[in-house]
Amino acid sequence: MIVKKIANGLVAMGAALLVGSVSAQELVVWHDLGENGITWFQKMSAEFAKVRPGVTVKSISYPTDQWFGRAISAINTDTAPDLIYNNYERVIRVADQTGKLMDLKPVLAQVGDKAFLSEDDLRVAVHGPKMIILPIQRVQMGFGVRKSWLEKVGEKFPATWADVQRIAVKFRDNDPDGSGKKNTFGLALEAAKPRDLVHIIDLFMFGSGLRHTIIDPQGKIVVDEPAHAKVLEEVLKAFTEYRYVAPDTINHSFSEMYQVIEGGRAGMFRVGDWNVKKWDTQAIKGDFLVGPWPSFDPARKNAVVIGGMRGVAVPENSPNKALAIEFAKFMLSKPAQQASLDTVGSAVRSDLDVSALSERQKFFAVPSGPLNAYDFPEATHAFYPELEAAYHRKLLGALSKPPANWRVFISETANEMRDLTAKLAAKK
């Protein structure tokens with residue numbers, strides 16, 4: 001009898017230990033959002049634990065280049081994290097190089113509260129036959145200007161490209177930071193890699209009310225269309241003969257551009273919704289205004305650019321796949337989205353509390369002006385990354401050695417891109 005009771009007790013103890021080991025689980029997610037992203041996932045972990053006691057979510061932030069390499073390598077070697085999180089176009093690269101991301105269409109179908117997701121949100125989540133992400137954060141980008149520098153040179157926030165040109169010269173030549181040195185520049189830009197330079201051109205194109213930068217959804221090259229060519233020429237001149245940027249800008253990627261901005265060397269720059277929380281209190285310390293991108297033509301409305309969509313993806317070989325899917329769905333819930341808005345500065349839901357946000361955060365959270373969404377050509381044309389890389393090489397050569405006639409250069413470049421498009425489309 002005693003032996004039987006001991007045996008039963010051991011069985012019960014074992015069962016209890018087993019239950020404990022099942023309920024106490026840790027999900028791991030990899031992202032590149034830095035400290036803000038880590039804080040966001042910590043807040044979501046606490047909220048998720050209310051519906052799944054014992055489950056914690058650990059997030060690890062890597063620099064973007066490292067995130068690519070680690071995510072692709074880990075998924076291909078069956079050492080994947082439970083979830084990966086990043087911009088849609090970055091997740092595409094992981095999907096293409098691994099072929100091991102889940103199709104999340106059935107997962108989204110299980111989410112009851114999703115009416116806030118637009119057709120564009122859902123369209124951009126799909127790559128080929130699969131929905132590779134659940135869309136979690138819209139990525140908005142505005143035009144930022146140092147407030148104290150504007151006051152120093154007697155200017156207001158620029159509305160047109162002509163305004164930007166005039167202010168850029170003053171920021172470069174009139175010692176706006178009061179240092180007594182000529183070490184400031186009008187604009188902080190980037191050009192080192194294809195996505196760096198083409199991203200900057202995208203912002204000026206879409207921000208000025210245009211659609212497309214290199215190619216439209218039907219496969220037509222738009223580079224030399226008059227309105228597009230005008231914007232392109234002016235942006236390229238900003239790097240070269242106008243001298244609005246630091247001399248080494250041709251070598252700048254995201255991190256170097258941020259060093260110029262946060263180091264107080266440039267007066268006008270890109271502001272992402274994710275930058276504002278930090279820049280309100282650190283680095284720039286609130287000394288900036290945010291608005292739409294400059295207008296190049298009064299016939300078109302200039303806008304803030306919806307430059308992307310961040311989302312969560314689940315590797316097919318996720319170690320805790322069922323629980324990872326559950327958390328991915330949870331990321332669309334109101335508590336998770338509120339934490340997203342509060343910490344990173346963006347979300348997809350429209351029913352969130354914005355009362356605690358700064359004015360610059362509210363500029364993005366409650367937009368009052370036009371928004372122009374990026375067209376994600378990589379979702380339409382499988383060959384687009386190759387086309388963009390070739391376009392970048394061509395432009396980089398022009399930045400290194402400016403042509404005698406920019407219009408002729410743009411026309412020739414457009415024709416080269418047409419020939420390349422025909423070849424790449426035929427191969428695909």
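Position 1 is the first residue of the sequence; numbering continues from there.
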Rounded to the nearest 0.5 Å, the CG atom of Leu232 sits from the CD1 atom of Ile201 at a distance of 5.0 Å
Okay, side chain of Ser318, backbone of Pro315: is any donor-acceptor separation there less than 3.5 Å? no
Please confirm whether the backbone N or O of Asp353 pairs with a side-chain atom of Gln338, one donor and one acceptor, at under 3.5 Å? yes
So, His212 side chain and Val223 main chain: donor-acceptor pair closer than 3.5 Å or not? no
Side chains of Asp280 and Ser358 only: does a donor on one sit below 3.5 Å from an acceptor on the other? yes
For the pair Gln361 (side chain) and Gly345 (backbone), establish whether a donor and an acceptor sit closer than 3.5 Å, ignoring hydrogens and angles. no
What's the shortest heavy-atom distance between Gly272 and Met141, and which atoms? CA-CG, 4.0 Å
Gap between atom CG of Asp121 and atom OH of Tyr88 - 0.5 Å precision: 12.5 Å
Between Arg310, Gln137, Arg90, which is the residue that forms a side-chain hydrogen bond (donor to acceptor under 3.5 Å, both in side chains) with Tyr85? Gln137
Between atom OG of Ser45 and atom CD1 of Ile38, what is the distance when rounded to the nearest 0.5 Å? 13.0 Å
Can you see which heavy atom on His228 is nearest to which on Met205, and at what distance? O-CE, 3.1 Å
Spacing of Leu323 atom CG and Phe48 atom CZ [to the nearest 0.5 Å]: 5.0 Å
Are Thr160 and Asp163 close enough, and set up right, to give a side-chain hydrogen bond (donor to acceptor under 3.5 Å, both in side chains), and what steps lead you there? CA-CA 5 Å; Thr160 68; Asp163 293 337; 3.2 Å; yes
Closest approach of Trp406 and Leu236, non-hydrogen atoms and distance? CZ3-CD1, 3.5 Å
Any ion pair linking Asp113 and Lys334 (charged N to carboxylate O, less than 4.0 Å)? no
May I have the step-by-step check of side-chain contact (heavy atoms from CB on, under 4.5 Å) for Ile136 and Gln337, ending in yes or no? CA-CA 8 Å; Ile136 304 297; Gln337 286 280 294; 3.6 Å; yes
Got a salt bridge between Glu225 and Lys220, using NZ or NE/NH1/NH2 to carboxylate O under 4.0 Å? yes
Once you measure the plane-to-plane angle for His31 and Phe41, does it fall in the parallel (<30°), tilted (30-60°) or perpendicular (>60°) bin? parallel
Flag side-chain contact, heavy atom, 4.5 Å: Pro377 against Ile214: no
When you measure from the side chain of Thr39 to the backbone N and O of Glu35, does any donor-acceptor pair fall under 3.5 Å? yes
For the backbone of Gln110 and the side chain of Lys329, can you confirm whether one donor and one acceptor N or O come within less than 3.5 Å of each other? no
Closest heavy-atom pair and its distance - Phe239, Val235: CD1-O, 3.2 Å
From the list Arg146, Lys278, Lys285, salt bridge (charged side-chain N to carboxylate O under 4.0 Å, His left out) with Glu262 holds only for Lys278
Quick check: does any side chain N or O of Ser73 sit under 3.5 Å from a backbone N or O of Arg70, one acting as donor and the other as acceptor? no
Cation over ring face, Arg93 and Phe68, 6.0 Å, 45°: yes
Assess the pair Trp293 and Phe206: is the distance between their ring centroids shorter than 6.0 Å? no
N/O donor-acceptor pair under 3.5 Å between Arg172 side chain and Tyr244 backbone: no
Show your reasoning for whether side-chain contact (heavy atoms from CB on, under 4.5 Å) applies to His127 and Leu101. CA-CA 11 Å; His127 178 55; Leu101 295 185; over 6 Å; no
Would the distance check show the side chain of Arg360 and the main-chain N or O of Phe288 forming a donor-acceptor pair, the cut-off being under 3.5 Å? yes
Less than 4.5 Å apart, any side-chain heavy atom of Glu119 and any of Arg123? no
Supply the atom-to-atom distance Asp287 CG to Glu151 CD, rounded to the nearest 0.5 angstrom. 8.0 Å
Identify the two heavy atoms, one from Val276 and one from Val271, that lie closest to each other, and give their separation to 0.1 Å. CG2-CG1, 3.9 Å
Hey, what do you get for CD1 (Ile215) to CZ (Phe383), rounding to the nearest 0.5 Å? 4.0 Å
Any donor-acceptor pair under 3.5 Å from Ser340 side chain to Ser346 backbone: yes
